[in-house]
Undergrad: 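One structure coming up, written as structure tokens, with questions to follow.
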Protein chains: 2
Amino acid sequence: MSHPEVPAARTARQRARDQITAEIVAAARLRLAEQGPAELSLRAVARDVGMVSSAVYRYFASRDELLTALLVLAYDDLGGAAEAADASVRARGDVAARWKATLRAIRRWAIAHPSDYALLYGSPVPGYAAPQTTIEPAVRVIVVILRIVTEGVRVGAIEPGDAGHLAAAPESAIAGAIGFVRSRELAGDDLPAELIVRTLMAWTTVFGTISFELFGHLVGSVSDPDAYFDLVIERLAREIGFR
Amino acid sequence: MSHPEVPAARTARQRARDQITAEIVAAARLRLAEQGPAELSLRAVARDVGMVSSAVYRYFASRDELLTALLVLAYDDLGGAAEAADASVRARGDVAARWKATLRAIRRWAIAHPSDYALLYGSPVPGYAAPQTTIEPAVRVIVVILRIVTEGVRVGAIEPGDAGHLAAAPESAIAGAIGFVRSRELAGDDLPAELIVRTLMAWTTVFGTISFELFGHLVGSVSDPDAYFDLVIERLAREIGFR
DNA sequence: TCGTTGGGAGAGCAGTGCTCTCGTTTGAAG
DNA sequence: CTTCAAACGAGAGCACTGCTCTCCCAACGA
């Protein structure tokens, strides 16, 4: 009966370590919510969890590593919010509604978590390169958007060919600018290059609009940010080819 | 003959003060070029100009005030670059060429001065509100863009009405989202609201594209950033109505 | 039971923004 | 020309930061 029995999973020490790691991350997340990424102090979060600063270094090799953990968490949170918004209206079968709901959810998340948004999409800390492990959660949100467009084409909600006066560029011209490997991998083979470009541009515009709003570059020019954002995503939908 | 004589302008002390102020700003600018705004250390720039840190406080009340000075300088630099690019092709009378040259110059400036760009358009420092004196140099670049569009309408290079399938939205809908006072003030009365929105969106997309490129969010998706940027501004021109 | 390992605590280093005091220099008014 | 206040540079000091190193104890495996 001395079977070690895997069920207890990892050893007690390991479990304690995981729990304390989670505590530190949670405390850091709290601090990040009311300060900026640059102001996040490892010593302060150490105090919050009742440890001395040097003890935290048993769990995170540096402040940047702690920031990376928060980065992944934030990407996942945003990706989850986008996916949830998409899923909530998917049943209605209205692809345009999915487009609007998802983009609105992204903006809502950004407004609700400005520090996290700045961490993800603001100026990067010089000398800090996000490790490979962050790119997978990072692409979740754009994948949601690409999937909606792909679905739109599939069910005929998007007319890729005649989206207005914008003649579809020849594949060769686009191939010169877009990295097909990655794009295909994310978007799937059934999305024409033309639509990949349009979606990428639309996502860029959405990001720019949210950033301008959050970083205060629209004050004075835009009186009603909600209405303006709706106006923007409506136009983006038309430019992509939503009918 | 004891006329104080204004020509010597300010007193010697004042002139020395101005010169030292300029020295400090120049040193800070140098440091900012190879570090980020968050890393800019007032003590370090004090050492660079051969002063002790407390002496710098005679010239700038805080580190943020020094950053504000750099902010204004950077805005002016960018605005000047945009105006110069516009002026360099204005003689040709080709409004579309002015559009492309100006936006390309903006991107070139951003790539050449990434830290300045991050200072202007990256995540703002929490708790730091840019004072009123910064908004005037800040609008220079968008004014250049708006002026090109206005010119385009005037000479008939832009067809505002039928810019593709995008039916011009009713003024009322746009008026709900855009702050007309400021927009009119910047754009002039002769630019229809529809075009103001399109230009604002285009500028947002340009900003988003440059930010994505500079902040590393396009790696993997875009293989040739130069070609991609050209592709983007070409499409934006068409969406605005350039023929 | 013994020896290894993990992890907490503390001191310490080098750096930061910012304040205060203390002389000295400067410039203008009497 | 003298006087006196304002301007200014230097230094010490405070509270804070990220990070390292050492010490020491508790938990764990053999």
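Protein chains get the first letters and strands the later ones, always in sequence-line order, with residue 1 at the start of each.
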Undergrad: Which whole-number value in Å describes the distance from R43(B) CZ to dG11(D) C1'?
TA: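 Taking atom C1' of dG11(D) as the reference, CZ of R43(B) is at 11 Å.
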
Undergrad: How is L66(A) classified with respect to the nucleic acid when contacts are heavy atoms under 4.0 Å: base, sugar-phosphate, or nothing?
TA: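 No contact at all - L66(A) keeps every heavy atom at 4.0 Å or more from the nucleic acid.
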
Undergrad: Assign S62(A) to base, sugar-phosphate, or nothing according to its heavy-atom contacts below 4.0 angstrom with the strands shown.
TA: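 Touches sugar-phosphate only.
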
Undergrad: Run the side-chain hydrogen bond (donor to acceptor under 3.5 Å, both in side chains) test against T205(B) and tell me which residues pass, sequence neighbours left out.
TA: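 T205(B) satisfies side-chain hydrogen bond (donor to acceptor under 3.5 Å, both in side chains) with T205(A) once adjacent residues are dropped.
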
Undergrad: Expressed in angstrom and rounded to an integer, what is the separation of D18(B) atom CG from dA7(D) atom P?
TA: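 Taking atom P of dA7(D) as the reference, CG of D18(B) is at 14 Å.
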
Undergrad: Going by salt bridge (Lys or Arg N to Asp or Glu O under 4.0 Å), name the residues that satisfy it together with R107(A), two or more places apart in sequence or in a different chain.
TA: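 By the salt bridge (Lys or Arg N to Asp or Glu O under 4.0 Å) rule, R107(A) matches E213(A), D226(A).
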
Undergrad: Write down the distance between CZ (R63(B)) and P (dT17(D)), rounded to a whole number of angstrom.
TA: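 Distance check: R63(B) CZ to dT17(D) P gives 15 Å.
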
Undergrad: For R17(A), give me all partners under salt bridge (Lys or Arg N to Asp or Glu O under 4.0 Å), at least two apart in sequence or on another chain.
TA: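 Scan of R17(A) (salt bridge (Lys or Arg N to Asp or Glu O under 4.0 Å), adjacent residues dropped) gives none.
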
Undergrad: Looking across every strand, which nucleic acid part, if any, lies under 4.0 Å from S41(A) by heavy atom: base, sugar-phosphate, or nothing?
TA: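 Counting heavy atoms under 4.0 Å across all strands, the contact made by S41(A) is with sugar-phosphate only.
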
Undergrad: Going by side-chain hydrogen bond (donor to acceptor under 3.5 Å, both in side chains), name the pairs with one or both residues in residues 42-51 of chain B, residues two or more places apart or in two chains.
TA: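 Those involving residues 42-51 of chain B are R31(B)-D48(B).
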
Undergrad: Can a salt bridge be assigned to the pair K100(A) and D230(A) using a cut-off of 4.0 Å between side-chain N and carboxylate O?
TA: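 Here K100(A) does not pair with D230(A) in a salt bridge, since their nearest N and O are not under 4.0 Å apart.
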
Undergrad: Nearest whole angstrom, please: distance from the P of dC23(D) to the CZ of R58(A).
TA: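 It works out to 13 Å between those atoms.
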
Undergrad: Do side-chain atoms of R108(A) reach the backbone of A81(A) as a donor and acceptor pair under 3.5 angstrom?
TA: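 Not at all, since once roles are kept as given, no pair shorter than 3.5 Å links the two residues.
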
Undergrad: Should the pair F212(B) and Y121(A) be assigned to parallel (<30°), tilted (30 to 60°) or perpendicular (>60°) ring geometry?
TA: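 Answer is tilted, since the angle falls between 30° and 60°.
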
Undergrad: Separation of L67(A) atom CG from dG18(D) atom C1', in whole Å?
TA: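 Distance, rounded to whole Å: 12 Å.
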
Undergrad: Where the side chain of T134(B) meets the backbone of V72(B), is there a donor-acceptor pair that is under 3.5 Å apart?
TA: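 Not confirmed, T134(B) side chain does not pair with V72(B) backbone.
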
Undergrad: Can you tell me the distance, in whole Å, between the OH atom of Y57(A) and the P atom of dT17(D)?
TA: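 In whole Å, dT17(D) P and Y57(A) OH are 11 Å from each other.
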
Undergrad: When you match L42(B) and I20(A) each to their closest nucleotide on DNA chain C, which lands nearer the 5' end?
TA: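 Nearer the 5' end of the strand: I20(A).
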
Undergrad: Expressed as a whole number of angstroms, how long is the span from R17(B):CZ to dA6(D):C1'?
TA: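 So the two atoms are 12 Å apart, to the nearest Å.
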
Undergrad: Return the value, rounded to whole Å, for the distance between atom OH of Y59(A) and atom C1' of dC19(D).
TA: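 The distance from OH of Y59(A) to C1' of dC19(D) comes to 18 Å, rounded to the nearest Å.
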
Undergrad: Report each atom pair, protein N/O against N/O of nucleotides 24-30 of chain D, whose distance is under 3.5 angstrom.
TA:
none

Undergrad: Is there a donor-acceptor pair closer than 3.5 Å between any side-chain N or O of W203(A) and the backbone N or O of L146(A)?
TA: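 Checked: no pair found.
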
Undergrad: Please figure out whether G50(B) or A61(A) has its closest DNA chain D nucleotide nearer the 5' end.
TA: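 The answer here is G50(B).
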
Undergrad: Identify the 5'-most and 3'-most nucleotides of DNA chain C with at least one atom closer than 4.0 Å to a non-hydrogen atom of chain A.
TA: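 The contacted stretch runs from dT5(C) to dG12(C).
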
